[in-house]
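Notes follow once the structure below has been shown.
All values reported here derive from a predicted model rather than from experimental measurement. Per chain, numbering begins at 1; letters A, B, ... match sequence-line order. Basis for what follows: all heavy atoms, side chains included, without hydrogens, waters or symmetry-related copies.
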There are 2 protein chains.
Amino acid sequence: MSTMSKTGLASMLLGEQSPTQVASVARALQLIELVVNGPTDGLSLADIARSTNRSKSAVLATLRTLVDFGYVRTIDPGPKYLPGMTLIRFGDLTAGKDPLSAIARPILAELSEKSGLTVRVARNVGGFPVFIDRVDGPGVVRFHTPLGARELPHVSSAGKAILAELSDEQIKSVARECGLISRTKRTITTLSGLQEEMEKVRREGFATDEEEDVPGIFCVGAAIFDHHGQCIGAISATGVRRDLTPRQVNKLGKLVITHADQITKQLHGRKSTRGAK
Amino acid sequence: MSTMSKTGLASMLLGEQSPTQVASVARALQLIELVVNGPTDGLSLADIARSTNRSKSAVLATLRTLVDFGYVRTIDPGPKYLPGMTLIRFGDLTAGKDPLSAIARPILAELSEKSGLTVRVARNVGGFPVFIDRVDGPGVVRFHTPLGARELPHVSSAGKAILAELSDEQIKSVARECGLISRTKRTITTLSGLQEEMEKVRREGFATDEEEDVPGIFCVGAAIFDHHGQCIGAISATGVRRDLTPRQVNKLGKLVITHADQITKQLHGRKSTRGAK
DNA sequence: ATTATCCATTCGGTATTGCCGAACACCGTT
DNA sequence: AACGGTGTTCGGCAATACCGAATGGATAAT
């Protein structure tokens, strides 16, 4: 242990990694993450070398590679390192290539216009919702609605819409995995509460989030299906909480369902009776 | 030469790379590009190994790393490799973190609503426009408007709006770099023609693209400035070509200028008298 | 059925290369 | 003028990223 090699130690500090990764690539990707999450005015080479416990020369070589490919860009003087245009390009390309968001986009725009709300589409990733596209509503209020991140399933309407299509077994499994973390006073934090809610979602055909994730914010969501009847995602409409009557909620729910069904139809999908694997 | 090592050969085939890059990282990034530009239903390991002239084992190790970080995702059976959610996440984060697009976003939405057109904002990258955000118009017609890519400066209204703020020397340099490639019959392909057009842009305060990039499509753009009076980008509105009277074009131009100026103002910028470095 | 052909995956062994550390040059401050 | 802070270049060693062969599984063709 006393004669442990430097890089051996470095790879240990990197945390456990699955079999046969490429260490230098992993380091490079962590470096991208660092820059993306860095301050708006960028990070210096020394900053990065320090916070990654690597030599400046090694970090510089990696950074140069990333800059050449556009994942990172530099601003002078400094130079300071900022996220590059390739990230925007590939992000846009990835969303555009995904059949789900490609088809959903104009339908989201339509729903946003009709409802005046911010509308998003999520993909079902192992029972968790991952939003892949968004159309902001015209309102003055702006939401912090990141794309591409795995969101909590039990506090978002899109998440609930997806969950409601899973088997009881799968719901339990997802609930265990996310821990039913509490976000507000209205968050559902028990498995029995969640299963009750799922019953309601199945009855109504749409899911709601009434200030269960963020105080003052509500959402309404509905599921999307593929040609096997599998739930592959959901859309949701988000707005600031107003005193909606049950009647109004119902109306909005029906509107969201209509648009979700349009997407399902264009995907040549069909709504399944749930429970089927 | 007869005893040239394998990896030595591989790195030669990779094309010349700038001083002290990290070869394995470069290979990984090329791999991302391959997957992003790949078919909608994904690439197999064998596909990738073949088209990169690498061993399957090496490619597999790299892919595993990329999958772990979410840059690539797999679908079974196959497994086939597709672009991952991290690309969407970091693309969205990068655009959201950039002060230009963060400030521009609501103003773009407003302009889109008022004009009924698709509206975009570009950053000035060495005289070339790189679009970093977009708000689609409500129209049925959808444009192919990729983000994050360096676009041609002489065929887009945003590009012209940026060019018009450069010195004659810089304009000549950019023109040489892009070669004034012809895209349609109306494309400006001569330096003198471009400089004449720049005069017009400066007189009017906005730039136009009347079917110079894509037949049937027109754009109107205006520049954005930082606190040094430097042009850091531009916005543009794009629509299908209608028979606009000069009067209507002028009205749309004024509208675009107004919104560009709003962005400049919120950036604490000031419009420069051009020519200043 | 049985072969044949594709695929993904595992595993050593080797030399490539990615890494470090030291030395340099370059600002700003002190 | 001497410092602490940059970014940068350059050897040299050892870790490691790579290849190729071998395995097992799946599907298609005989």
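- Between A:R54 and C:dG18 there is no side-chain polar atom (N or O) within less than 4.0 angstrom of OP1 or OP2.
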What nitrogen or oxygen pairs link the protein and nucleotides 2-8 of chain D at under 3.5 Å?
residue	atom	partner	partner atom	Å
D:dT6	OP1	A:R50	NH1	3.4
D:dT6	OP1	A:R50	NH2	3.3
D:dG7	OP1	A:L45	N	2.9
D:dG7	OP2	A:A46	N	3.0
D:dG7	N7	A:K56	NZ	3.1

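- Regarding B:L63, its CG atom lies at a distance of 15 Å from the C1' atom of D:dA17, rounded to whole Å.
- Atom CD in A:Q30 sits roughly 16 Å away from atom C1' in C:dG18 (whole-Å rounding).
- A close approach under 4.0 Å does not occur between any side-chain nitrogen or oxygen of B:R27 and OP1 or OP2 of D:dA17.
- No side-chain donor-acceptor contact under 3.5 Å links A:D261 and A:T264.
- Salt bridge present: B:D133 and B:R105 bring a charged side-chain N and a carboxylate O closer than 4.0 Å.
- Judged by distance alone, the side chains of A:S44 and A:D47 do bring a donor and an acceptor atom under 3.5 Å apart.
- A:R64 and B:T20 are linked by a side-chain donor-acceptor pair at a separation below 3.5 angstrom, with hydrogens and angles left out of the test.
- Taking the charged nitrogens against the carboxylate oxygens, A:R270 and A:D226 have no contact shorter than 4.0 Å, which rules out a salt bridge.
- Counted by atom type alone, B:Q170 and B:S173 present zero donor-acceptor pairs between their side chains at under 3.5 Å.
- Rounded to an integer number of Å, the gap from CD of B:Q21 to P of D:dT9 is 13 Å.
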